[in-house]
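Side-chain atoms are counted along with the backbone in the values below, which use heavy atoms only and exclude waters and symmetry mates. Here is the naming used below: chain letters follow the sequence lines, and residue numbers restart at 1 for every chain. If you're wondering where the values come from, they're calculated on a predicted model, not measured in any experiment.
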Number of protein chains: 2
Amino acid sequence: MPRWTSRQARKSPFIPTMRELARCYQAFERLDARLLRDHGFTTSQADVIFTLGNTPGMTCKELGERTLITKGTLTGVLDRLEGKGLLDRRPSPDDGRSYIVALTPAGEEAFEATYPEHIARIGERFNQVDPRKLEKIRSTLAELRAALE
Amino acid sequence: MPRWTSRQARKSPFIPTMRELARCYQAFERLDARLLRDHGFTTSQADVIFTLGNTPGMTCKELGERTLITKGTLTGVLDRLEGKGLLDRRPSPDDGRSYIVALTPAGEEAFEATYPEHIARIGERFNQVDPRKLEKIRSTLAELRAALE
DNA sequence: TGACGAAAGTTCTAATCCGAACTAAATTAG
DNA sequence: CTAATTTAGTTCGGATTAGAACTTTCGTCA
């Protein structure tokens with residue numbers, strides 16, 4: 001994950017932007033991870049729990065697409081959450097290759113106990129930033145992403 | 001790394017922005033990693049090489065601050081690059097606790113062979129985006145980061 | 001229907017990642 | 001000047017990461 005240095009920044013106009021993108025993303029990650037550690041989750045685990053909360057469950061494929069976790073990685077994350085008793089994998093009735101991943105009652109409980117508070121705590125930080133600016137960032141980042149993909 | 005789902009996005013205004021930030025960062029990462037693999041580097045390794053290129057070297061601490069690599073991680077990355085003969089660690093003359101990390105001649109050679117081409121290839125993608133928009137993103141992201149740190 | 005290519009998940013490897021504990025050296029306090 | 005604190009870097013443990021190879025099942029096409 002090249003996080004561009006200021007020396008490089010002088011050479012090319014896009015580098016400071018990507019450098020700031022990396023810094024900002026990591027700052028968010030660190031804050032998120034710190035808050036979630038209090039609940040006993042890693043960010044990936046919480047992402048899975050938050051995605052499955054209040055749903056009837058979904059396939060690994062769909063879960064991977066929503067969380068942006070690669071399928072090879074997802075297997076391990078699901079193993080650990082299943083080991084904690086927070087979710088289970090049942091064979092899909094429609095497709096012999098896939099599983100439906102869903103929260104157990106204990107998992108739903110963990111979701112309810114964690115999600116609202118977490119969102120609230122993260123949200124406090126964002127109150128300091130103009131929502132219109134956030135929306136502007138979002139749309140321009142989407143444009144940038146299109147160029148990168 | 002919670003990458004927010006659209007379900008969550010409906011609940012709170014900042015979530016779509018962070019979701020897009022994560023997606024954009026990861027898209028950049030993937031592109032970067034793919035291009036660097038051709039040169040036999042991981043993104044972290046390239047980040048170190050690019051940061052050390054054309055410098056007299058620096059301490060692990062400074063290198064970690066510039067690359068945003070945590071010190072515990074940095075040790076391993078440096079070990080591997082040292083194993084490839086691309087850099088060396090010499091005890092600092094000023095401080096008995098620290099080392100000066102610098103590229104070897106082979107490392108400088110790798111830097112010259114990799115950096116300009118890599119920047120050029122990444123830069124192609126950015127030509128599609130208005131530089132003023134990029135600058136706008138950068139400054140607003142910096143503002144956002146200040147709220148998160 | 002029977003082969004063949006695509007898709008869903010798992011497994012594997014090598015690298016990264018963070019945080020915490022640790023060692024050694026430097027700095028500060030009294 | 002000595003004791004306490006801080007700092008630089010390494011080591012360690014648990015988890016995540018991507019990608020590639022692999023197994024099983026599905027879908028298609030002839």
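- Within the structure, every side-chain polar atom (N or O) of A:Ser98 is placed at least 4.0 Å from both OP1 and OP2 of C:dA8.
- Between A:Arg34 and C:dC18, a side-chain N or O to OP1/OP2 separation shorter than 4.0 Å is absent.
- The side chain of B:Gln45 lies closest to C:dA15, out of C:dA15, C:dG9, D:dT10.
- Judged by distance alone, with hydrogens and angles left aside, B:Arg97 brings a side-chain donor or acceptor within reach of the base of D:dT7, the pair sitting under 3.5 Å.
- Between A:Phe126 and B:Phe14, the angle of the ring planes stays under 30°, which puts this pair in the parallel group of the 30/60° scheme.
- Judged by distance alone, with hydrogens and angles left aside, the side-chain atoms of A:Arg89 form no donor-acceptor pair with the main-chain N or O of A:Tyr99 at under 3.5 Å.
- The residue A:Gly72 sits close to a base: some heavy atom pair falls under 4.0 Å.
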Let me see the working for B:Arg121 and B:Asp38 under salt bridge (charged side-chain N to carboxylate O under 4.0 Å, His left out), right down to the final yes or no. CA-CA 12 Å; B:Arg121 292 218 272 171; B:Asp38 300 343; 3.4 Å; yes

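- Remark: B:Thr70 is in phosphate contact with C:dC18, judged by side-chain N or O atoms under 4.0 Å from OP1 or OP2.
- The number of heavy atoms from other shown groups lying within 6.0 Å of CD (A:Glu109) does not exceed 12.
- Between the CG atom of A:Leu74 and the C1' atom of D:dG19 there is a distance of 15 Å, given to the nearest Å.
- The separation between A:Leu68 atom CG and D:dG19 atom C1' is 17 Å, rounded to whole Å.
- Closest-nucleotide positions on DNA chain D for A:Thr73 and B:Thr59 were compared, and the one nearer the 5' end corresponds to B:Thr59.
- For B:Thr42 and C:dA15, the shortest distance from a side-chain N or O to OP1 or OP2 is not below 4.0 Å.
- In this structure, NZ of A:Lys71 is placed 14 Å from C1' of C:dC12, rounded to the nearest angstrom.
- Annotation: of the two residues near DNA chain C, B:Asp94 and A:Ile100, the 5′-most nearest-nucleotide partner is A:Ile100.
- Clustering ILVMFWY residues whenever any of their side-chain heavy atoms sit less than 4.5 angstrom apart, transitively, puts B:Ile100 in a cluster other than the one holding B:Val48.
- Residue A:Ser44 has its side chain nearest to D:dT17 when only C:dC17, D:dT17, C:dA6 are considered.
- As rounded to whole Å, 14 Å separates atom P of C:dA15 from atom CG of B:Leu78.
- Between A:Arg37 and A:Gly76, it is A:Gly76 whose nearest contact on DNA chain C lies nearer the 5' terminus.
- Here B:Arg30 does not reach the OP1 or OP2 of D:dG19: none of its side-chain N or O atoms lies under 4.0 Å away.
- Interatomic distance, B:Ser44 OG to B:Ile49 CD1, rounded to the nearest 0.5 Å: 11.5 Å.
- Distance B:Leu87 CG to D:dG9 P: 14 Å, rounded to the nearest Å.
- To the nearest angstrom, P of C:dA14 lies 14 Å from NZ of B:Lys84.
- Residue B:Ile69 has its side chain nearest to C:dC17 when only C:dC17, C:dT10, D:dT11 are considered.
- Residue B:Lys61 places at least one side-chain N or O under 4.0 Å from the OP1 or OP2 atom of D:dA8.
- Across the protein-nucleic acid pair, A:Asp47 atom CG and D:dA15 atom P stand 17 Å apart, rounded to whole Å.
- Distance, A:Asp79 CG to C:dG9 C1': 11 Å, rounded to whole Å.
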